[in-house]
Amino acid sequence: MSTPFPFTAVVGQDDLRLALLLNAVSPAVGGVLVRGEKGTAKSTAVRALSVLIPEVDVVAGCRFSCAPASPDPACPDGPHEIGPGTKRPARMVELPVGASEDRLVGALDIERALAEGVKAFEPGLLADAHRGILYVDEVNLLHDHLVDLLLDAAAMGASYVEREGVSVRHAARFLLVGTMNPEEGELRPQLLDRFGLTVEVAASREPDQRVEVVRRRLAYDDDPEGFAARWDDEESAVRARIVAARALLPSVLLGDGALRQIAATCAAFEVDGMRADIVMARTATALAAWAGRTEVLAEDVRQAALLALPHRRRRNPFDAPGLDEDKLDETLEEFGEQAGGEDDDPDPDGPGGGGQPPQEDPDDGSGPGEAPAQAESGEGGQPQGGGEQSPVRAAEPFRTKVLSVPGLGEGAAGRRSRARTEHGRTTGSRRPQGALTKLHLAATVQAAAPHQLARGRSGRGLVVRRDDLRQATREGREGNLVLFVVDASGSMAARQRMSAVKGAVLSLLLDAYQRRDKVGLVTFRGSAAEVALPPTSSVDAAAARLESLPTGGRTPLAAGLLRAHDVLRVERLRDAARRPLVVVVTDGRATGGPEPVALAGRAARLFAVDSVASVVVDCEAGAVRLGLAGQLAVELGGTAVTLDELRADSIAGLVRDVQGNSRRAA
């Protein structure tokens, strides 16, 4: 077993280390979600924490880690008698992104359950993680149904496995830690809320601190055991402090004044529900215990708010997590004065006070964002917008009707188009390919029934062979690749339409976020097209690129379509199961170069030949309409819709008709 990097040797990242330690002191806090760019010691810190968790007493031979002093009466390996047990280190179990449901919660032997009535249960990762740490790297890429199962188990402290009327329950209490890179996609708000604390991490911009990070990492890589030995004293001190804080935790007093500050803070930041209040209360109590105090102070409430509220105050998916610390201080001061306690004043100079372990200066932020900018010359042939114009803000987003890809896919789970999935309504049965995951009971009985006499059935039980088992086939929804091809030329800037166009695209992006799609953004203007955002699960990134999109110049429509076609070709090699939906946002004009309209038509027909589902959002305005966007839609084999119709009920069946239109066009 490899030697983990010492927890106390992690440079900076004070908030991350504190959040992990608070959960080690009080797992009831609800876990930690660590958000940050790649290469910021997220995984290193989590793996290092496992060494600091105190050893646990377990019943010898119990696969579910029952405590010998209070064994679980419903343990599948039980019943256990109360008595002495054995000690073992707390486990850290990693959940792979591609894990199956059975790997997570465990699996029943369906054949034995049907034939013998025996609950033969193989524990999953939730059982392995009981009384330890369950770590999910890239939790934002985990399938939604697995995240739901994971968070339900974390909230209830138990895991339930049910298969065709046979059920097994076992305890599953663990410290849940998830890490994610927001650039690769966000978690749904309701899933964000289920994590107790959230921490934003970023690499330090201080040269001295970066030098120390590199120095320690190189020293560890050269001699992991020797490097870890040099930090033994610090590790032992933190381990002892966790044990002491756990022992002190039941004695910590959460007074009415602190409770009033917690409630007032949650109300002031308009968080939904009451989970935030409860998490803040538990976090503030853990902070006091970690600091060696038996009373919760205002500084504990302040630090608890900074850890528990930022991810709960997002009002829409494109809001960045964060908290107005001035507003927080004002709220704490106001309600601290009302409570009348001298210890209820906030401490803006030192959030967390003595709660943080001594370390180097904290990392204080990330570098400025970058906005793409490109200047291209325009042409006098366009009315207005011959040169580049500064970006305009998007209009308010609105709810759009669902656009779906026709047919039945087999892509990643999502909420857009029909697909064969592991979850959804049952549509039939088939012989299992590999391990049986979803039993079709009626089909299994029907397959076994004709052979009962030949198999010598004598009792009431059904004689079932493995060849009789049938897997249920299910139909659900998949996520798609929604590729936006946006006209940013001078003709779009004319008549101040770009704000409305961006608002429409932003609305479709919001819809893509909710339906768990991947998105990409291709723009064209001037003399060329560019991939403003390669296909990604981060809808936030697409919204940011859209906001900074400048306009002006010619309309190289053919170049935009060809670039989009090339993007789809590459993505088809990477993920052949994910079906694309192309959304072209344009007024249909094509200028620049010889025969621009004919070139655009030939480029559009490439999509029709490949049967790619497409929608053209017609942005043409004015009393006189040329209908060029509609002609483009015909060439694509798709459907055209105006900006106004994007809001109307008439769009409901748009993309479902694409396949029929493609056949007619062919």
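If you're wondering where the values come from, they're calculated on a predicted model, not measured in any experiment. Along the sequence shown, residues carry numbers from 1.
A 4.5 Å side-chain heavy-atom check between P71 and I82 finds at least one atom pair inside the cut-off. The side-chain heavy atoms of L150 and L126, taken from C-beta on, include a pair separated by under 4.5 Å. Inter-residue side-chain proximity for S614 and V584 is flagged as unmet; no heavy-atom pair is nearer than 4.5 Å. Between H170 and P123 the shortest side-chain heavy-atom distance does not fall below 4.5 Å. With contacts defined as side-chain heavy-atom distances shorter than 4.5 Å, the pair P432/R466 does not qualify. With contacts defined as side-chain heavy-atom distances shorter than 4.5 Å, the pair L483/P580 does not qualify. Between L33 and H311 there is no side-chain heavy-atom pair separated by less than 4.5 Å. The shortest side-chain heavy-atom distance between M92 and V46 falls under the 4.5 Å cut-off.
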When you look at L581 and R579, which way does the side chain to side chain contact (heavy atoms under 4.5 Å, CB included) test go after all the steps? CA-CA 7 Å; L581 170 63; R579 298 185 295 162; over 6 Å; no
Start with the C-alpha distance between L533 and F484, add both sets of side-chain angles, then the distance that settles side chain to side chain contact (heavy atoms under 4.5 Å, CB included), and finish with yes or no. CA-CA 10 Å; L533 183 71; F484 293 93; over 6 Å; no
So H451 and D468, side-chain hydrogen bond (donor to acceptor under 3.5 Å, both in side chains) or not? Walk me through it. CA-CA 10 Å; H451 308 291; D468 300 328; 5.0 Å; no
Could you walk me through whether D566 and R563 satisfy the salt bridge (charged side-chain N to carboxylate O under 4.0 Å, His left out) test, starting with their C-alpha distance in whole Å, then the side-chain angles of each, then the deciding distance to 0.1 Å, before giving a yes or no? CA-CA 5 Å; D566 190 54; R563 182 59 62 90; 5.5 Å; no
Test log, rule side chain to side chain contact (heavy atoms under 4.5 Å, CB included), inputs L508 and V482: CA-CA 9 Å; L508 292 167; V482 182; over 6 Å; no
Pair Q471-R431, side chain to side chain contact (heavy atoms under 4.5 Å, CB included): steps then yes or no: CA-CA 6 Å; Q471 174 86 22; R431 291 182 181 272; over 6 Å; no
Does the side-chain hydrogen bond (donor to acceptor under 3.5 Å, both in side chains) test come out yes or no for R420 and T427, once each step is laid out? CA-CA 9 Å; R420 298 183 185 90; T427 58; over 6 Å; no
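What you find for A577 and E478 is that their closest heavy atoms are O-OE1, 4.3 Å. Annotation for A45 and L16: closest pair CB-CD2, 3.8 Å, computed over non-hydrogen atoms. Contact between V279 and G196 at its shortest, heavy atoms only, is CG1-O, 3.3 Å. The minimum heavy-atom distance between A447 and R470, with the atom names listed, is CB-NH2, 3.7 Å. The two atoms that bring T44 and F5 nearest to each other are CG2-CB, 3.7 Å, heavy atoms only. Nearest approach of Y135 to S43, heavy atoms of both residues: OH-OG, 2.5 Å.
Within 6.0 Å of atom CD in E55, more than 12 heavy atoms from other residues, nucleotides or ligands are found, so the atom counts as buried in its surroundings. Under a cut-off of 6.0 angstrom, the local environment of CD in Q446 is sparse, with at most 12 non-hydrogen atoms contributed by other residues, nucleotides or ligands. Within a 6.0 Å sphere centred on CG of L453, heavy atoms belonging to other residues, nucleotides or ligands number 12 at most.
Distance check: T400 OG1 to L510 CG gives 8.0 Å after rounding to the nearest 0.5 Å. Interatomic distance, NZ of K518 versus OG of S538, reported as 12.0 Å (0.5 Å rounding). Put simply, CG on L146 and CG on L125 are 10.5 Å apart, with the number rounded to the nearest 0.5 Å. The line from CG of L95 to CG of L104 is 5.5 Å long, rounded to the nearest 0.5 Å. Note that the SG atom of C66 and the CG atom of D57 stand 13.0 Å from one another [nearest 0.5 Å]. Atom OG1 of T179 sits about 3.5 Å away from atom CG of D137, to the nearest 0.5 Å.
With salt bridges taken as basic N to acidic carboxylate O contacts below 4.0 Å, one links D152 and R194. Note on D511 versus R416: salt bridge recorded, some NZ/NE/NH1/NH2 to OD/OE distance being below 4.0 Å. The pair R418-E475 meets the salt-bridge criterion, since a charged nitrogen lies less than 4.0 angstrom from a carboxylate oxygen. Salt-bridge formation is detected for the pair R169/D72: a Lys NZ or Arg NE/NH1/NH2 atom is positioned less than 4.0 Å from an Asp or Glu carboxylate oxygen.
No donor-acceptor pair closer than 3.5 Å links the side chain of R415 to the backbone N or O of R515. A donor-acceptor distance shorter than 3.5 angstrom exists from the side chain of D77 to the backbone of R63, with no hydrogens or angles considered. Under the 3.5 Å distance criterion, the side-chain polar atoms of D517 are matched with a main-chain donor or acceptor of N480. Judged by distance alone, with hydrogens and angles left aside, the side-chain atoms of R131 form a donor-acceptor pair with the main-chain N or O of S65 at under 3.5 Å. Here the side chain of Q452 pairs a donor or acceptor atom with the backbone of V463 at under 3.5 angstrom.
Checking S404 against R477 by side-chain atom types alone, no donor-acceptor pair falls below 3.5 Å. With no hydrogens or angles considered, no side-chain donor-acceptor pair links S429 and H440 at under 3.5 Å.
Using cut-offs of 30° and 60° for the angle between ring planes, the H565 and F607 rings count as perpendicular.
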